[in-house]
Amino acid sequence: MKLKKIHHIAIICSNYEVSKDFYVRILGLTPIQEVYREDRDSYKLDLEVNGHYQIELFSFPNPPARPSYPEAAGLRHLAFEVDDIEEAVRHLTTMQVEVEDIRIDPCTQKKFTFFADPDGLPIELYEG
């Protein structure tokens, strides 16, 4: 088997409208298609990152909370590459998003930081 690339990442949110606003207005992802699946009482929003389909945002009635602290087994966080991390942090803070201090990756010497989506999903920004 030869894996070619990551096709998409699925995110289940607790409040669809709040998360949709966060990923579209604050992070700047572009909606591709939005559908309501009546049989599941669920929305599905396909989003693109820089011209590439990558994220599916789902709503489901009463999803359980995601354990983040202490860190749980499984997917740890979602990471986005940016050209200018200071500019990205300024943008997020003007949108009232709490962002951790910028740190240096000891292995690559690249700058990175973390913040969270409305459900507490850790998101990393990594300067490429």
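Along the sequence shown, residues carry numbers from 1.
The distance from the CG atom of Leu92 to the CD atom of Glu87 is 10.5 Å, given to the nearest 0.5 Å. The structure places CZ of Phe80 at 3.5 Å from CD1 of Ile55, a figure rounded to the nearest 0.5 Å. The distance from atom CD1 of Ile102 to atom CD of Glu86, rounded to the nearest 0.5 Å, is 4.5 Å. A distance of 5.0 Å separates OH in Tyr53 from NE2 in His8, rounded to the nearest 0.5 Å. From Glu127, atom CD reaches atom CG of Asp84 across 6.0 Å, with rounding to the nearest 0.5 Å. Remark: Glu124 CD to Thr113 OG1 distance equals 8.5 Å, nearest 0.5 Å.
Environment of CD in Glu38: sparse, with no more than 12 heavy atoms of neighbouring residues, nucleotides or ligands closer than 6.0 Å. Atom CG of Asn62 sits in a sparse spot, with 12 or fewer heavy atoms from other residues, nucleotides or ligands closer than 6.0 Å. For Arg103, the CZ atom is densely surrounded, since the number of other residues' heavy atoms within 6.0 Å is greater than 12.
Using a 4.5 Å heavy-atom threshold, the side chains of Phe22 and Asn15 count as separate. Leu47 places none of its side-chain heavy atoms less than 4.5 Å from the side chain of Leu27. When side chains are defined from C-beta on, Tyr23 does not count as touching Leu45, because their heavy atoms never get closer than 4.5 Å. Taking the side chain as every heavy atom from C-beta outward, Glu56 and Ile11 never approach each other to under 4.5 Å. The side-chain heavy atoms of Asp117 and Leu78, taken from C-beta on, include no pair separated by under 4.5 Å.
Only one option out of Pro63, Pro118, Ser19 pairs with Cys13 in a side chain to side chain contact (heavy atoms under 4.5 Å, CB included); it is Ser19.
Taking each heavy atom of Phe114 and His77 in turn, the nearest pair found is CE2-CG, 3.6 Å. For the residue pair Pro122 and Arg76, the shortest heavy atom distance occurs at CG-O, 3.7 Å.
Looking at Gln96, its side chain does come within 3.5 Å of a backbone N or O of Thr94 through a donor-acceptor pair. Without hydrogens or angle criteria, Ser42 side chain to Ser59 main chain gives a donor-acceptor distance under 3.5 Å. Although no hydrogens or angles enter the test, the distance criterion places a donor-acceptor pair under 3.5 Å between the side chain of Asp119 and the main chain of Ser14.
Cluster annotation: Ile123 is not connected to Ile12 through the hydrophobic network of ILVMFWY side chains, with a link wherever side-chain heavy atoms come within less than 4.5 Å. Under the 4.5 Å side-chain contact rule for hydrophobic residues, Ile32 and Val35 do not share a cluster. Both Ile9 and Leu57 are members of a single hydrophobic cluster when ILVMFWY side chains are connected at heavy-atom separations under 4.5 Å.
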Inset, instruction - Decide side-chain contact (heavy atoms from CB on, under 4.5 Å) for Lys5 and His52; before the verdict, give the C-alpha distance in whole Å, the side-chain angles of both, and the deciding distance to 0.1 Å. - result: CA-CA 11 Å; Lys5 63 181 180 177; His52 299 281; 5.6 Å; no
Inset, instruction - Check step by step if side-chain contact (heavy atoms from CB on, under 4.5 Å) holds for Arg37 and Phe60. - result: CA-CA 10 Å; Arg37 301 173 307 169; Phe60 289 104; 3.5 Å; yes
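Aromatic ring pairs are classed by plane angle as parallel below 30°, tilted from 30° to 60° and perpendicular above 60°; the pair Phe112 and Tyr126 is parallel.
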